[in-house]
Enquirer: 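Following this message is one structure expressed as structure tokens.
Protein chains get the first letters and strands the later ones, always in sequence-line order, with residue 1 at the start of each.
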There are 2 protein chains.
Amino acid sequence: MAANSKFPSQLVFPSGDKPIVTATDVAREAGVSISTVSRIVNGTARVAKDKRLAVEAAIARMDYRPNLQARSLKLGTSMIIGMLTQDIESPFLARVIRGFEEALVGTGYAPIIVSGHWNQKEEIERVGLLMDRRIDGLVVLYGDLSDSQLLEISRRQPVVATGRRLEGEHIRTLQLDHEQGGYIAASHLLGLGHRRIAHISGPPLHTDATERYAGFVRAHREYGVEVDRDIVFQGDFLEHGGVLAMNRLLDCGKNFTAVFASNDQSAMGAHLVMYRRGIRVPDDVSLMGFDDIPAAAYLTPPLTTVRQPFFEIGLYLAQSLLAMLGHDLGELTVPSMELVIRESVKRC
Amino acid sequence: MAANSKFPSQLVFPSGDKPIVTATDVAREAGVSISTVSRIVNGTARVAKDKRLAVEAAIARMDYRPNLQARSLKLGTSMIIGMLTQDIESPFLARVIRGFEEALVGTGYAPIIVSGHWNQKEEIERVGLLMDRRIDGLVVLYGDLSDSQLLEISRRQPVVATGRRLEGEHIRTLQLDHEQGGYIAASHLLGLGHRRIAHISGPPLHTDATERYAGFVRAHREYGVEVDRDIVFQGDFLEHGGVLAMNRLLDCGKNFTAVFASNDQSAMGAHLVMYRRGIRVPDDVSLMGFDDIPAAAYLTPPLTTVRQPFFEIGLYLAQSLLAMLGHDLGELTVPSMELVIRESVKRC
DNA sequence: ATGAAAGCGCTAACAG
DNA sequence: CTGTTAGCGCTTTCAT
């Protein structure tokens, strides 16, 4: 069997020393036609037992693996899903990706991830590259692409996006209720007796951030307490923005008993500033975050926050996309936010 | 020009409503042959100005984008690089990926990332999937693949791997000097007068971890102080392992003035335990980490640690791989570790 | 049940 | 300078 030790001349050694074997090679080795090989590999039709055995033996012996690119070209489907994320280092985006990835296991689809770095031009370019590879679907995790750009993109392949609400035939969006999240956070503080609550906001154009603030305002209204705009300072959803805002807050001379940071990363920055200035959390001031990133549980004190179900968001996105691709996965449950009480907030 | 409003019948609408246009369509539209289109798109040869203009106009008008899969099939190169990571949520792996990604920008290569979750079986399967897509190169970020498996894989396409040392024609490895890193950490503590230094180790089979410990031991030897094995406890490189180890350490009754955690995540766990038990860092005990993950700078107090240049590691890996793929990028500098002094360690 | 042949979209000889 | 043609590796009619 190992008798034909000389390889057919057309076998190539692309960059390694191991020949790359094609279905044609397997067919020759097994003494059948290439169509038979294909049928066996894909289980597309019945094949006589002896041939099947011969082919399977050849496949194993030669270590044949079908070329997915060729198959894709023929089938008109790449089995790859493009993911546009903003920053692969972001703790919460990473968790969404992880959930998405998890849902894809076993489906044959593989994600290819590109980063846009919150830069519209870059995002467009990267998505273009993805589309050049004929992705079967695209998931857009936040970012600065306009709604109409997204709609246009969805004319090529199904799109699912987070952080916006959008209607379209080949597009699905997931937008959690951030207003409600902000409301939950503020209510918790208000319910514990806090009446002067400072806020570190997010990027002014980021709707997730502005909605959280809106919920913060609504909670105040319900409690009949006025929000003092003098103690809301702008952050940028990053740690450093949190330190800047917290410093300004402390320097403005106004008093307050709690601060609601628009996300955990801002809260971490604020926390550090208070540590530096000898302000104890939560004894001197309570601190509340938003997101529940992995590090939140290991701050000292562990951070009270509103949990966004990132992993489940990833799962949900994958399911929505798969559904548009014709894979039926039954009911989809929309994840919701929930208060995570730890130790950075105390009764006022 | 928009006169021919009826599309050629063979145009298909895969899952969107926008026709997918091929080079053939462009050729027809511009009144030239398909090879001319190819030549213009790739800049492969001189083409008469009028035809070039006509083709470019057609491309713009029809919004043509070459099908990379087809090109790959023809060229025998996919322009995709596979990355096997262990956990996309790991703060340090994410940074390596980011560096890698950065180095790839503009090269035409795109990474596709899969996770192995520190599970050999899973790793093999994912790498197989990657190879089915005929990746042009593979980068292996740590993991449980054996050296011989890696060598075998490198017979198909160039491989670059971290966390081990390995020789092979189509394989390059990057292994930082963790022994030296451990030495740096321990020396810093010893130099500040600490004589009883506890250690939270990493996974016992993880060579990075064992080497760090070896460096820790060497530093002690040089200072002529004995390491007390009773105050080294095993962790797992994760936060929770850090809390478990720290609790055991505190409960064992032995005294110590500093703890060297084998990585920052372990240090975070240990830090939380001390916070809980009212032990002040660094006043009561000094704490030293390893890695310098993003969160390290925002612990309270900010964590003194040994920085691993993850971003640069990513860059380096990309360069090595690109070099094997025939792209000359000049000198490669091997990044080294360095002490990052913050506030979690003080003189004893 | 199986083989021959066409063709997915593209590039690269090879002729003109 | 430009068009014709032969595949890249695969799946899938269409005959047999």
Side-chain angles (χ1 to χ4, degrees), chain A residues 8-14 19-55 59 62 64-79 108 131-136 156, chain B residues 8-14 19-55 59 62-79 108 131-134 136 156:
Chain A
S9 59
Q10 64 272 47
L11 293 190
V12 247
F13 299 66
I20 173 149
V21 8
T22 71
T24 310
D25 299 323
V26 173
R28 188 186 309 109
E29 174 86 357
V32 300
S33 82
I34 183 180
S35 349
T36 300
V37 174
S38 172
R39 284 191 268 256
I40 290 171
V41 168
N42 299 299
T44 328
R46 303 199 56 73
V47 171
K49 188 155 194 175
D50 56 329
K51 310 221 176 208
R52 141 162 301 116
L53 262 25
V55 169
I59 287 177
M62 307 175 84
Y64 165 73
R65 309 212 51 162
N67 181 330
L68 254 38
Q69 307 240 29
R71 175 181 288 172
S72 293
L73 183 58
K74 178 67 195 173
L75 264 30
T77 163
S78 62
M79 296 309 281
M131 288 172 65
D132 291 349
R133 290 177 190 278
R134 299 299 185 264
I135 49 175
D136 288 339
R156 288 280 202 206
Chain B
S9 60
Q10 65 271 48
L11 292 190
V12 249
F13 299 65
I20 173 149
V21 8
T22 71
T24 310
D25 300 321
V26 173
R28 187 186 311 109
E29 174 87 357
V32 300
S33 81
I34 184 180
S35 358
T36 300
V37 174
S38 171
R39 284 190 270 257
I40 289 171
V41 168
N42 300 299
T44 329
R46 303 198 58 74
V47 172
K49 188 155 194 176
D50 57 329
K51 309 220 177 210
R52 139 162 303 115
L53 261 27
V55 169
I59 287 178
M62 307 175 85
D63 193 17
Y64 165 73
R65 308 212 52 161
N67 182 330
L68 255 37
Q69 306 240 29
R71 176 182 287 172
S72 293
L73 183 58
K74 176 69 196 173
L75 263 30
T77 163
S78 62
M79 296 309 280
M131 289 173 64
D132 290 349
R133 290 177 191 276
R134 299 300 185 263
D136 288 339
R156 288 279 201 206

Enquirer: Verify side-chain contact (heavy atoms from CB on, under 4.5 Å) between B:V55 and B:I59, making sure each step is shown before the conclusion.
Expert: CA-CA 6 Å; B:V55 169; B:I59 287 178; 3.8 Å; yes
Enquirer: The helix from C:dA1-D:dT16 to C:dG16-D:dC1: angle between its terminal axes, five pairs each, to 10°?
Expert: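 For the helix from C:dA1-D:dT16 to C:dG16-D:dC1, the axes at either end differ by 50°.
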Enquirer: Taking all non-hydrogen atoms of both residues, which atom of A:V21 and which atom of A:Y64 are closest, and how far apart?
Expert: O-CD1, 3.3 Å
Enquirer: Rounded to the nearest 0.5 Å, how far does CD of B:E29 lie from OG1 of B:T24?
Expert: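 The CD atom of B:E29 is 13.0 Å from OG1 of B:T24, to the nearest 0.5 Å.
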Enquirer: Kindly indicate whether the side chain of B:V41, heavy atoms from C-beta on, has any atom under 4.5 Å from the side chain of B:S38.
Expert: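 A side-chain contact is absent here, since even the closest heavy-atom pair is not under 4.5 Å.
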Enquirer: Are any side-chain N or O atoms of A:R52 and backbone N or O atoms of A:R46, one a donor and one an acceptor, separated by less than 3.5 Å?
Expert: no
Enquirer: To the nearest Å, give me how far apart CD1 (B:I40) and C1' (C:dC10) are.
Expert: 15 Å
Enquirer: To the nearest Å, how far apart are B:N67 CG and D:dC10 C1'?
Expert: 14 Å
Enquirer: Mind calculating the distance between CG (B:D25) and P (C:dG9) to the nearest angstrom?
Expert: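 Rounded to the whole Å, the gap is 8 Å.
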Enquirer: For residues 66-76 of chain B, which side-chain N or O atoms pair as donor and acceptor with protein atoms under 3.5 Å away, sequence neighbours left out?
Expert:
{"unit_1": "B:N67", "atom_1": "OD1", "unit_2": "B:Q69", "atom_2": "N", "d": "2.8"}
{"unit_1": "B:N67", "atom_1": "OD1", "unit_2": "B:A70", "atom_2": "N", "d": "3.1"}
{"unit_1": "B:Q69", "atom_1": "NE2", "unit_2": "A:R133", "atom_2": "O", "d": "3.3"}
{"unit_1": "B:R71", "atom_1": "NH2", "unit_2": "B:N42", "atom_2": "OD1", "d": "3.0"}
{"unit_1": "B:S72", "atom_1": "OG", "unit_2": "B:L68", "atom_2": "O", "d": "2.8"}
{"unit_1": "B:S72", "atom_1": "OG", "unit_2": "B:T77", "atom_2": "O", "d": "3.0"}

Enquirer: Run the side-chain contact (heavy atoms from CB on, under 4.5 Å) test on A:R65 and B:M131 for me, step by step, so that the C-alpha distance in whole Å, both residues' side-chain angles and the decisive distance to 0.1 Å come before the verdict.
Expert: CA-CA 8 Å; A:R65 309 212 51 162; B:M131 289 173 64; 5.8 Å; no
Enquirer: If I compare all heavy atoms of B:R39 with all of B:A45, which pair ends up nearest, and what's the gap?
Expert: CD-CB, 3.6 Å
Enquirer: How close or far is atom P of C:dT11 from atom CE of B:M79, stated in whole angstroms?
Expert: 13 Å
Enquirer: Give the rounded distance in Å between these two atoms: CG of A:L68 and P of D:dC10.
Expert: 10 Å
Enquirer: Hey, is the side chain of A:T22 poking within less than 4.0 Å of OP1 or OP2 on D:dG9, counting only N and O atoms?
Expert: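 No, outside the criterion.
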Enquirer: Could you list, one pair per line, each protein nitrogen or oxygen that sits under 3.5 Å from a nitrogen or oxygen of nucleotides 2-5 of chain D, together with the distance?
Expert:
{"unit_1": "D:dT2", "atom_1": "OP2", "unit_2": "B:A48", "atom_2": "N", "d": "2.5"}
{"unit_1": "D:dG3", "atom_1": "OP1", "unit_2": "B:K51", "atom_2": "NZ", "d": "3.4"}
{"unit_1": "D:dG3", "atom_1": "OP2", "unit_2": "B:S33", "atom_2": "N", "d": "3.0"}
{"unit_1": "D:dG3", "atom_1": "OP2", "unit_2": "B:S33", "atom_2": "OG", "d": "3.1"}
{"unit_1": "D:dG3", "atom_1": "OP2", "unit_2": "B:T36", "atom_2": "OG1", "d": "2.7"}
{"unit_1": "D:dG3", "atom_1": "N7", "unit_2": "B:R39", "atom_2": "NH2", "d": "2.7"}
{"unit_1": "D:dG3", "atom_1": "O6", "unit_2": "B:R39", "atom_2": "NH1", "d": "3.3"}
{"unit_1": "D:dT4", "atom_1": "O4", "unit_2": "B:S35", "atom_2": "OG", "d": "2.9"}

Enquirer: From D:dT12, D:dC10, C:dG9, pick the nucleotide closest to the side chain of A:A70?
Expert: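 Nearest listed nucleotide: D:dC10.
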Enquirer: Roughly how many Å is it from NZ in A:K74 to P in D:dT11, rounded to a whole number?
Expert: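 So the two atoms are 10 Å apart, to the nearest Å.
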Enquirer: Take A:L73 and B:L75, find for each the nucleotide of DNA chain C with the closest heavy atom, and name the residue whose nucleotide sits nearer the 5' end.
Expert: A:L73
Enquirer: If you compare all heavy atoms of B:V26 against all heavy atoms of B:M62, which two are closest, and at what distance to 0.1 Å?
Expert: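 What the structure gives for the nearest pair is CA-SD, 4.0 Å.
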Enquirer: Round to a whole Å and report the spacing from CD of A:Q69 to P of D:dC10.
Expert: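 My rounded result for the distance is 11 Å.
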